[in-house]
> 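This is the structure, below, for whatever I ask next.
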Amino acid sequence: LVSILAFAACSSPTKKAEQVTMDFINALNTSDYDKARSYTASEQAEAYVGLAEYFDSEKSEEEKAANSKITSRITRTEQQQDTVICYVETIEPSDNPDTINQKVVLTKVDNEWKVVEVPMK
């Protein structure tokens, strides 16, 4: 039992950060910007959500409906002290599918993982 708890304690932070990352990305993909903001803890991350919301407001209804077919997955995770970096691959469906690779940086705030940086390329 002790070894199981020790293993769970070691793997848990990264898994929880990955779950927050996917919840954040899925909220963006489904245009749920209030929910996406609930996962942020910095001005930069909130600005990223605001930018996504702005560009989404410029889309046609047909383009917005296509967002439900977007798929995302974490391709790699790095843990650096109290920070976790998740690399996310998002595929936007179309005749010529676009693949977007993003880096999402999380840190613990009040004992919860929060998105603090989504670098814009």
Side-chain angles (χ1 to χ4, degrees):
L1 180 61
V2 172
S3 63
I4 291 172
L5 290 175
F7 176 76
C10 291
S11 65
S12 181
T14 301
K15 294 296 177 198
K16 287 180 181 179
E18 288 176 350
Q19 184 61 54
V20 168
T21 300
M22 288 310 301
D23 290 345
F24 173 74
I25 295 293
N26 289 332
L28 290 173
N29 290 347
T30 59
S31 303
D32 191 346
Y33 299 107
D34 290 334
K35 184 174 182 180
R37 280 186 189 89
S38 74
Y39 297 110
T40 66
S42 73
E43 287 182 22
Q44 192 278 344
E46 287 184 30
Y48 183 87
V49 174
L51 189 62
E53 185 174 21
Y54 170 77
F55 283 118
D56 198 38
S57 71
E58 299 291 313
K59 291 181 179 178
S60 68
E61 291 303 315
E62 185 178 289
E63 289 173 315
K64 289 178 184 179
N67 281 0
S68 65
K69 296 176 184 161
I70 292 174
T71 58
S72 298
R73 68 184 181 97
I74 295 175
T75 58
R76 184 169 52 117
T77 303
E78 297 174 5
Q79 186 168 1
Q80 301 172 350
Q81 295 176 347
D82 58 350
T83 300
V84 172
I85 301 170
C86 294
Y87 295 87
V88 180
E89 177 184 77
T90 298
I91 300 173
E92 295 182 354
S94 66
D95 293 336
N96 192 12
D98 290 330
T99 301
I100 300 166
N101 293 297
Q102 295 173 288
K103 181 169 99 171
V104 179
V105 181
L106 301 97
T107 193
K108 277 220 170 170
V109 176
D110 296 329
N111 210 28
E112 290 185 28
W113 287 104
K114 295 286 186 172
V115 176
V116 292
E117 187 179 350
V118 186
M120 295 181 236
K121 294 181 180 180

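Sequence positions, counted from 1, serve as the residue numbers for this chain.
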> Please lay out, stage by stage, how Lys114 and Val20 fare under the test side chain to side chain contact (heavy atoms under 4.5 Å, CB included).
CA-CA 7 Å; Lys114 295 286 186 172; Val20 168; over 6 Å; no
> Taking a hydrophobic cluster as the set of Ile, Leu, Val, Met, Phe, Trp and Tyr residues connected by side-chain heavy atoms closer than 4.5 Å, whether directly or through intermediates, do Trp113 and Tyr39 fall within one such cluster?
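Same cluster.
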> Judged by modelled atom types alone, do Asn29 and Thr90 share a side-chain donor-acceptor pair under 3.5 Å?
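Absent: no donor and acceptor within the cut-off.
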> Do Thr77 and Glu18 get their side chains close enough for a donor-acceptor pair, meaning under 3.5 Å?
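Yes, a side-chain donor-acceptor pair sits under 3.5 Å.
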> When hydrophobic residues are tied together by side-chain contacts of less than 4.5 Å, even through go-betweens, does Val88 share a cluster with Val116?
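No; Val116 is not reachable from Val88 via cluster members.
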> If I take atom CD from residue Glu78 and atom OG1 from residue Thr14, how far apart are they, to the nearest 0.5 angstrom?
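Result: 11.0 Å between the selected atoms.
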> Looking only at non-hydrogen atoms, find the nearest pair between Val115 and Val118 and report the distance.
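Shortest heavy-atom separation between Val115 and Val118 comes out as CG1-CG2, 3.7 Å.
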> Minimum heavy-atom separation for Ala36 to Ala27, with atom names?
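What the structure gives for the nearest pair is N-CB, 3.7 Å.
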> Between atom OG of Ser72 and atom CD of Glu92, what is the distance when rounded to the nearest 0.5 Å?
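The distance works out to 8.5 Å.
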> Taking NZ in Lys59 as the centre, count heavy atoms belonging to other residues, nucleotides or ligands within less than 6.0 Å. Is the count above 12?
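Yes, enclosed.
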> Nearest 0.5 Å, please: how far is CD1 in Ile85 from CD in Gln80?
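If I round to the nearest 0.5 Å, the distance is 4.0 Å.
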> Of all the heavy-atom pairs spanning Pro119 and Lys103, show the shortest one and how long it is.
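Pro119 and Lys103 have their closest heavy atoms at CD-O, 3.0 Å.
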> Does Val105 belong to the same Ile/Leu/Val/Met/Phe/Trp/Tyr cluster as Tyr48, with side-chain heavy atoms less than 4.5 Å apart forming each link?
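No, separate clusters.
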> According to a 4.5 Å side-chain heavy-atom criterion applied to Ile, Leu, Val, Met, Phe, Trp and Tyr, with indirect links allowed, do Ile74 and Leu28 form part of one hydrophobic cluster?
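Result: yes, single cluster for both.
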> Can you list every salt bridge (charged side-chain N to carboxylate O under 4.0 Å, His left out) pair that touches residues 35-52, not counting sequence neighbours?
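Every pair satisfying salt bridge (charged side-chain N to carboxylate O under 4.0 Å, His left out) with a residue in residues 35-52: Asp34-Arg37, Arg37-Glu53.
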> Working to the nearest 0.5 angstrom, can you tell me the gap between Gln102 CD and Tyr87 OH?
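One gets 12.5 Å once the value is rounded to the nearest 0.5 Å.
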> Quick check against the 3.5 Å criterion: does Thr107 have a side-chain atom that pairs as donor or acceptor with the backbone of Asp82?
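Yes, the answer is positive, given that a donor and an acceptor are paired below the 3.5 Å cut-off.
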> Rounded to the nearest 0.5 Å, how far apart are CG of Leu51 and CG of Asp56?
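Those atoms lie 11.0 Å apart.
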> How far does CG of Leu106 sit from CZ of Phe24, to the nearest 0.5 angstrom?
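With rounding to 0.5 Å, CG (Leu106) is 9.0 Å from CZ (Phe24).
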> Please name the pair of heavy atoms, one in Thr21 and one in Cys86, separated by the smallest distance, quoted to 0.1 Å.
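Closest approach of Thr21 to Cys86: OG1-SG, 3.4 Å.
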> Between Lys108 (side chain only) and Thr83 (backbone N and O only), is there a donor and an acceptor less than 3.5 Å apart?
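Side chain of Lys108 to backbone of Thr83, a donor-acceptor pair under 3.5 Å: no, none is there.
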> What pair of heavy atoms forms the shortest contact from Gln81 to Gln79, and how long is it?
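Smallest interatomic distance, heavy atoms only, reads O-NE2, 3.8 Å.
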